[in-house]
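Encoded as structure tokens, the structure appears first; notes follow it.
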Amino acid sequence: MPRYQPSRIEPKWQDWWAAHATFAAQHLPSGRKTYVLDMFPYPSGDGLHVGHPEGYTATDIVSRFERMRGTSVMHPMGFDAFGLPAEEHAIRTGTPPRESTEKNIATFTRQLKMLGFSYDWDRALATTDPEYVRWTQWIFLVLFDTWFDPAVQKGRPIAELPIPADVAAAGEDAVATYRDGHRLAYQSEAPVNWCPALGTVLANEEVIGGVSERGGHPVVRIPLRQWMLRITAYADRLERELEGLEWPTSIKKLQCDWIGRSTGAEVDFLIPPSGGAAEAFDDWKRTREGSGFPEKPGSDVLRIYTTRPDTLYGVTYMVVAPEHPLLDVLAAPAQREAIAAYREGAARKSDLDRTDLAREKTGVFTGSHVIHPLTGKPVPVWVADYVLATYGTGAIMAVPAHDDRDFEFAKTFGLDVITVVEPPDGAAKPGELFAGNGRALNSGPYTGLATGEFLERVGGDLKAAGLGRPAVNYKLRDWLFSRQRFWGEPFPILHELDAQGNLSGAIRAVDPADLPVNLPHLTNFKPGDTPDPPLSRSPADWLFVERDGKRYKRETNTMPQWAGSCWYYLRFLDPHNTSRFIDPEVEKAWMPVDLYIGGAEHAVLHLLYSRFWHKVLYDRGHVSHPEPFGKLVNQGMILGEMEFTGYRSTKGGWVSAEKRTAEDIPSKVPADQVEKQGEHFVLRDAPKIRVESRAYKMSKSRGNVVNPDQVVRDYGADSLRLYEMFMGPLEATKPWSTAGVSGVRGFLDRCWRLVVDERADELALAPQVCDDPPSDDQLREIHRTIDKVTRDIQALSFNTAIARMMEFVNVCTPLERRPRAILEPFVAILAPFAPHLAEELWELLGKPAPVSLAVWPAVEERWLKDDTVEIPVQIQGKLRGRVVVPADADAEATKAAALADPKIAEQLAGREIVKVVAVPGRLVNFVVKG
RNA sequence: GCCGGAGUGGCGAAAUGGCAGACGCGGCGGACUCAAAAUCCGUUGCCCGCAAGGGCGUGUGGGUUCAAGUCCCACCUCCGGCACCA
């Protein structure tokens with residue numbers, strides 16, 4: 001009975017905490033606050049994975065630590081429950097997705113509670129809750145009601161959008177269309193990957209070589225009306241405002257790259273009318289000098305974007321994307337057929353195929369030329385799919401001498417290469433590629449300028465001449481926000497129907513009072529054989545509504561899974577509010593999130609999308625901080641156990657790993673049959689045969705998935721928590737080791753025996769536990785432990801905190817008398833890590849429960865210092881001895897003590913001391929001659 | 001190709017420019033036991049040596065420094081991400 005039995009004490013304390021609402025967060029913080037947030041999970045049918053508790057334990061330790069230090073702590077948990085797997089499960093089994101989602105949430109909740117996380121369960125939410133959906137839809141309406149004013153770089157109410165006079169004159173419908181074209185949530189025709197055989201739209205990643213990844217069915221790119229969110233309007237702020245955040249630099253970098261800001265210039269090339277090109281060019285230049293560079297290009301020019309306007313004089317051809325609107329104008333009659341064929345081929349390819357770098361460059365000459373704005377010379381125009389219609393202007397000027405893609409294309413089609421930049425370290429090599437910066441050659445008035453200088457001047461010059469202007473571009477595209485799926489939030493949008501029942505094109509928002517728009521009851525969630533969303537098969541009483549005497553059809557697309565996760569951190573603060581998405585006072589008091597921990601897989605999308613939504617809410621005055629997440633940490637991935645892989649030839653014999661060929665068959669080798677030989681592992685029985693050693697990502701197919709339920713059953717929740725924190729640094733990728741779990745279990749057993757008499761029949765204190773005043777050494781030990789653990793938790797260095805607690809236990813275990821005065825603070829600092837065990841020991845020590853809310857022990861500085869210290873003594877940087885000196889000895893005294901040491905004196909005898917480095921409290925180093 | 005991150009005992013790892021390997025696993029030895037498990041104690045980087053002791057050691061090669069796992073330069077390997085964005 002008195003053995004450490006996690007299966008007995010863990011449920012006991014979980015029930016106690018629940019019954020006493022130990023971890024309920026205050027509605028408003030009192031004093032110091034901290035908001036500690038996990039990236040909430042998608043409740044998959046497989047249940048919790050051992051990767052989940054890693055981040056969750058880290059945040060739980062911080063939350064429990066801060067509570068014990070008197071901080072008001074917000075530590076909630078919820079579920080990101082919309083999404084494809086639930087829907088596909090529904091299609092397969094015929095059960096409504098809500099049913100399986102609820103079942104999965106129940107499983108996750110049970111598992112999370114089993115691990116003793118100190119969430120305020122009263123605040124738990126799922127993105128699929130109708131009350132939550134209501135406010136997700138409400139925020140969509142905020143986006144719908146907002147336009148971005150570039151002048152102030154801010155989102156503003158659509159009612160404040162200035163209407164140009166000509167639009168206003170054209171009537172109300174024109175004004176409505178104008179407004180719709182400026183909203184942050186707008187509709188657009190966008191090409192999607194439609195797979196008729198599967199009856200669904202596919203993501204780019206799901207299309208390989210023009211056919212579906214699953215099944216190999218043909219996929220076509222068709223334009224489809226889609227909802228888009230104008231995230232590009234916020235590109236600049238999303239990039240700039242990253243700076244103040246306490247995020248890993250790698251994540252900031254990823255977001256920056258994703259936003260992909262580049263600076264350069266837009267330049268117009270005249271498309272000459274047939275006949276009289278030279279005159280037309282002169283006229284055009286004159287006109288442009290007067291009119292300046294137009295906002296939008298007419299159909300008489302080909303507008304390009306370049307980041308290297310300093311290479312303008314090296315242009316030898318132009319390229320337009322296959323989808324470029326001017327392609328019809330540019331296509332010469334003789335080339336029409338070839339161009340049409342090329343365009344069709346491009347349309348069939350997915351983006352992924354088109355951007356496959358390994359592919360040979362392809363393209364077709366349009367038969368037309370445009371006129372170079374600076375040289376007045378004709379330049380041939382090609383169409384090629386290496387130019388993307390969606391970036392820049394969809395057309396480029398090609399400078400093969402200084403751009404590797406253009407170079408490759410020019411080589412393939414035998415086009416000219418003109419060198420206009422000389423490398424800084426040598427002469428230009430005509431006909432070769434040089435993509436770096438240097439000095440301009442053959443560049444008219446700019447010849448001789450350094451690249452940087454050239455770039456600075458040319459933008460302004462082009463602008464003055466009305467031929468171009470400096471420009472900024474982003475890789476970031478507007479966010480395709482609609483899905484042709486069932487299991488997502490319906491859009492709160494109504495499409496007006498005319499008298500014949502056809503869509504008139506006019507749309508209106510659902511009245512906020514009518515939210516939420518709940519999903520209708522459907523028995524068939526399957527995508528059909530047209531791209532119509534499943535909701536288009538909804539019953540008429542859901543699909544059609546009447547407002548103000550007009551008939552409307554509901555929007556039948558649904559929102560993507562990202563929608564719900566864009567703002568859940570706000571709802572946690574005020575989850576039961578029925579009149580607002582969050583009370584502004586509550587928001588102001590708790591936001592921003594102080595610590596956000598989750599996997600790096602969300603480095604870009606989730607974190608970018610939620611920052612975008614947050615900024616819109618901020619601009620519209622609904623939240624008080626411009627950024628939602630102050631400090632972000634990515635926990636590393638937990639891999640499966642280390643595996644050794646040997647290879648057998650088809651004949652059955654072993655093949656050494658470095659000699660293996662593709663035919664050889666990998667086979668797992670048990671760890672006790674290998675040994676290390678030099679750099680490699682080899683078979684113990686055949687040391688000539690090398691084997692590979694590696695830990696792999698956990699996956700069902702590899703069969704190396706560790707189930708947290710099983711670990712809790714075998715070792716207990718506290719052991720699982722502690723082990724995951726002890727494995728190594730939180731942010732590192734690390735392999736699982738069941739032996740390691742049993743190691744920390746051993747530590748918890750020793751903690752137990754420190755306090756509990758294991759030989760007694762009933763639960764009782766160990767006889768060594770006493771009320772003696774602790775010795776100075778013992779006080780030093782406990783205070784150093786408290787100090788180290790306190791600092792390590794703040795630095796999220798949990799593995800070293802645990803190591804220090806292990807040292808403390810190692811010191812205490814042999815003690816015949818163990819003073820309570822050192823045991824009690826130890827149990828308190830153990831509590832955030834192994835809360836169940838700590839509660840049990842705390843109770844046994846006769847302290848009032850719960851230790852979870854006990855006061856964090858204070859460190860007494862005087863116990864952190866020793867009276868004396870042992871100092872290493874080096875000669876020529878090599879360790880030659882040690883001396884013991886008073887802890888406060890200065891450099892001189894330390895040096896004297898070193899010289900007085902007989903061993904050191906002996907080694908220094910007869911040698912000339914050139915220099916002595918004495919660092920008080922650290923070391924002495926003698927530099928000698930001879 | 002580009003951008004991150006990482007290479008330290010048999011393994012997971014630790015180390016404000018100042019004694020490399022704390023702590024844990026595993027191994028070895030011992031105590032307890034009829035025996036085993038559990039527990040406790042000791043030991044454990046490699047090489048030479050009976051020992052005292054000595055030498056070598058943080059992916060490789062160079063450099064800065066009294067002193068480098070740590071800073072600088074070049075390279076190698078592994079992991080992760082991005083990838084025709086002009």
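Computed from a prediction, not measured in an experiment: that's the story for all the values here. Protein chains get the first letters and strands the later ones, always in sequence-line order, with residue 1 at the start of each.
With distances taken from any side-chain atom of A:Glu807 to the nucleotides B:A22, B:C40, B:C25, the minimum falls on B:A22.
Among the protein residues, A:Arg750 comes within range of the sugar-phosphate backbone only, with heavy atoms under 4.0 Å from sugar or phosphate atoms but none that close to a base. Among the atoms of the strands shown, none is found under 4.0 Å from any heavy atom of A:Asp404. At the heavy-atom level, A:Arg694 lies under 4.0 Å from the strands shown only through sugar-phosphate atoms. Within 4.0 Å (heavy atoms only), A:Gly743 reaches sugar-phosphate atoms of the nucleic acid but no base atom. Within the 4.0 angstrom heavy-atom criterion, only backbone atoms of the sugar-phosphate kind lie near A:Thr306; the bases stay farther away. Among the protein residues, A:Glu731 comes within range of no part of the nucleic acid, since none of its heavy atoms lies under 4.0 Å from any strand. Using a 4.0 Å heavy-atom cutoff across all strands shown, A:Thr390 reaches no nucleic acid atom at all. The residue A:Leu923 sits close to a base: some heavy atom pair falls under 4.0 Å. Here A:Lys475 lies in heavy-atom contact (under 4.0 Å) with a base.
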Polar atoms only, N or O, under 3.5 Å: list the protein pairs with nucleotides 53-55 of chain B and their distances.
none

Quick one: which protein N/O atoms are closer than 3.5 Å to N/O atoms of nucleotides 66-71 of chain B? Pair and distance per line, please.
{"from": "B:C66", "atom 1": "O2'", "to": "A:Asn925", "atom 2": "ND2", "distance (Å)": "3.2"}
{"from": "B:C66", "atom 1": "O2", "to": "A:Asn925", "atom 2": "ND2", "distance (Å)": "2.8"}

Please tabulate, one pair per line, each protein N/O and nucleotide N/O from nucleotides 13-16 of chain B that are separated by under 3.5 Å, including the distance.
{"from": "B:A14", "atom 1": "OP1", "to": "A:Asn799", "atom 2": "ND2", "distance (Å)": "2.9"}
{"from": "B:U16", "atom 1": "O4", "to": "A:Arg922", "atom 2": "NH1", "distance (Å)": "2.3"}

Pair A:Ile913, A:Leu899 - check side-chain contact (heavy atoms from CB on, under 4.5 Å), show working.
CA-CA 11 Å; A:Ile913 298 174; A:Leu899 283 167; 4.2 Å; yes
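Listed by chain and residue number, nothing satisfies the salt bridge (Lys or Arg N to Asp or Glu O under 4.0 Å) test with A:Arg818 (two or more places apart in sequence, or in another chain). Looking at residues two or more places apart in sequence or on another chain, you find a ring-ring contact (aromatic ring centres under 6.0 Å, His included) between A:Phe681 and A:Phe644. Not a single salt bridge (Lys or Arg N to Asp or Glu O under 4.0 Å) links A:Lys903 to another residue, sequence neighbours left out.
Note on A:Arg745: every side-chain N or O is 4.0 Å or more away from OP1 and OP2 of B:G24. Remark: A:Asn810 is in phosphate contact with B:G24, judged by side-chain N or O atoms under 4.0 Å from OP1 or OP2. Residue A:Tyr386 has no polar side-chain atom (N or O) positioned under 4.0 Å from OP1 or OP2 of B:A86.
For the pair A:Arg753 and A:Thr263, nearest-nucleotide mapping onto RNA chain B gives the more 5' position to A:Arg753. Between A:Asn473 and A:Met637, the residue anchored closer to the 5' end of RNA chain B is A:Met637, taking for each the nucleotide with the nearest heavy atom.
Both cation-pi conditions hold for A:Arg702 and A:Tyr696: the charged atom is under 6.0 angstrom from the six-membered ring centre and inside a 45 degree cone around its axis. With a 6.0 Å cutoff to the six-membered ring centre and a 45° limit on the axis angle, A:Lys361 does not count as a cation-pi contact of A:Phe409.
Nucleotides B:U43 and B:G57 are separated by 27 Å at their P atoms, to the nearest Å. B:A38 sits 31 Å from B:G45 when the C1' atoms are compared, rounded to a whole Å.
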